[in-house]
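Scroll down for the structure; my scribbles are underneath it.
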Protein chains: 2
Amino acid sequence: MRYSKIPNETVRRLPVYLRGLALMSRQGLSSVSSSKLADFVSVNPWQIRKDFSYFGDFGTRGVGYNIENLARQIKKILKLDTTRKTALVGVGNLGSAIMAYTGFGTYGFQITAAFDNDPAKIGRKMNDVAIESISMLDTLGKRQVDMAIIAVPEQAAQDVANALVRAGIKGILNFSPRRIVVPKKIKVITIDIATDLARLPYYIP
Amino acid sequence: MRYSKIPNETVRRLPVYLRGLALMSRQGLSSVSSSKLADFVSVNPWQIRKDFSYFGDFGTRGVGYNIENLARQIKKILKLDTTRKTALVGVGNLGSAIMAYTGFGTYGFQITAAFDNDPAKIGRKMNDVAIESISMLDTLGKRQVDMAIIAVPEQAAQDVANALVRAGIKGILNFSPRRIVVPKKIKVITIDIATDLARLPYYIP
DNA sequence: CTATGTGAATTTATTCACAGCA
DNA sequence: TGCTGTGAATAAATTCACATAG
């Protein structure tokens, strides 16, 4: 089934596998079976094997998967094999939390630019990244940054998105609960905390 | 098709519709068609109608949906028709961002308790909610709080989850990138910023 | 004449069960 | 023998097309 169309759901699960593998690797393990990984990430073993089968032979029958190799393959599929420069727009509480978050390394992300419109913040450093004025967004294109995280108040989200598009950004992770409109060649993933929370009561008896 | 099993994906979309409706309502609109709502929330009109059809007749043929009524119905389905008391555990950057977030009101959530283990924070107030010591988590059961948001560092997540379970919490929104293990009658939704970000490069040409 | 509501068709995803290889 | 890899079977979700109600 190799190399034909990859289900969206599989793409959604790959980063989860990757995180599990990174954790196992840090624990000193070098090999893992689909059922061990399954326990770790709460997905069925056959689902995991099926997901991998879309790409090729990652494992060894009777043995399992080599963790390093598997992680490398998944990174390649997700195009995470080169370090990705990412810009953060909005350095409020949420933005600071994102900045402080160490989990990005696993996926090869590096936040190399941060923007805010608060004069008190501009010029300061966070994690070795200087906070710049929002008006500098246009310069991103020249700096090989092709992804951005929007963590600004709802009302400002669309303006920021427009500026990011002008700067040539190709993917946006949007944390504002506002639908943002961009040319359709630009991929947007929106995370709205409240809509996720809102599903919870439905499942509570 | 009324009242039979409701697709998970439909449940996932309902809060999105609800947010769109709230926004439209604030704009002074009182009625909406499936295609207008579709534009607003980026879902196809027939998908919207199908979703609603699992529950009953919400609309008027030839006219559309009454916004107030539709919102009320969706809230009822999602069990959001009573105010839900929610606890926040971890008042760092992420926790503060969550606390400051105004979007919860739409869904009837009210953060009525906040916990942290930093003595400097305990006793202080945020949004009229006093920050309590983590050791007070046990008291939640008596306070009619049945949902919690975990926004603590990765290593502390499981301990907090255990305490929440002991306190009788029934649903958890987990922001730490760590799988947490709880009895299966308790519903957990995990949001890991990095795994969402990690999907982005795949879709970038 | 308009926009809903829904069976039927189609597409997509999950699960199974087992052949094939180390 | 043990665990992968994958066709085939099943289940779930989406899309279509149109009858139906206001």
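All values below come from the heavy atoms of this structure, side chains included, with hydrogens, waters and symmetry mates left out. Model, not experiment: these values are computed from the prediction. Letters A, B, ... are given to chains in the order of the sequence lines, protein chains preceding strands, and every chain is numbered from 1.
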In terms of heavy-atom contacts, does NZ of A:K79 have more than 12 from other residues, nucleotides or ligands at under 6.0 Å?
yes

Without decimals, in angstroms, what is the distance between [X] [atom1] and [N] [atom2]?
X	N	atom1	atom2	answer
B:I48	D:dT15	CD1	P	12 Å
B:K50	C:dA8	NZ	P	10 Å
A:N8	C:dT14	CG	P	10 Å
B:D51	C:dT4	CG	P	13 Å
A:Q47	D:dC3	CD	P	20 Å
A:Y54	D:dG7	OH	C1'	11 Å
B:F52	C:dG7	CZ	C1'	20 Å

Which part of the nucleic acid, if any, lies within reach of [X] when heavy atoms closer than 4.0 Å are counted: base, sugar-phosphate only, or nothing?
X	result
B:S34	sugar-phosphate
B:R12	nothing
A:F58	sugar-phosphate

Could you work out which one of D:dT4, C:dT15, C:dT12 sits closest to the side chain of A:N44?
C:dT15

[X] side-chain N/O to [Y] backbone N/O, donor-acceptor pair under 3.5 Å:
X	Y	result
B:N44	B:W46	no
B:R19	A:T195	no
A:N127	A:V129	no

Does either side chain, that of [X] or that of [Y], offer a donor lying less than 3.5 Å from an acceptor on the other one?
X	Y	value
A:T86	A:Q110	no
A:Y101	B:D192	yes
B:E68	B:S30	no

Check each residue of residues 64-79 of chain A for a non-hydrogen atom within less than 4.0 Å of any atom in DNA chain D, then write out the ones that pass by number, or none.
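Output list: A:G64, A:Y65.
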
Comparing B:V32 and A:T10 on DNA chain C - which has the more 5′ nearest nucleotide:
B:V32

Let me test you: for the helix from C:dC1-D:dG22 to C:dA22-D:dT1, what is the angle between the axes at its two ends (five pairs each), rounded to 10 degrees?
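Rounded value for the end-axis angle: 10°.
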
Do the charged groups of B:E132 and B:R143 touch, with an N to O distance under 4.0 Å?
yes

Taking the basic N atoms (NZ, or NE/NH1/NH2) and the acidic carboxylate oxygens, is any pair closer than 4.0 Å for A:D81 and A:R72?
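Answer for the salt bridge query: no.
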
Taking side chain as C-beta onward, heavy atoms only, is A:Y17 less than 4.5 Å from A:F40?
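With C-beta onward as the side chain, the pair stays apart.
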
Could you label the plane-to-plane angle of the B:F58 and B:F52 rings as parallel, tilted or perpendicular, counting under 30° as parallel and over 60° as perpendicular?
tilted

If the sugar-phosphate is the primed atoms plus P, OP1 and OP2 and the base is the rest, what is the B/S/- string for nucleotides 17-22 of chain C, using protein heavy atoms under 4.0 Å?
B-BBBS

Result for side chain to side chain contact (heavy atoms under 4.5 Å, CB included) between B:R13 and one of B:V41, B:D51, B:N8 points to B:D51

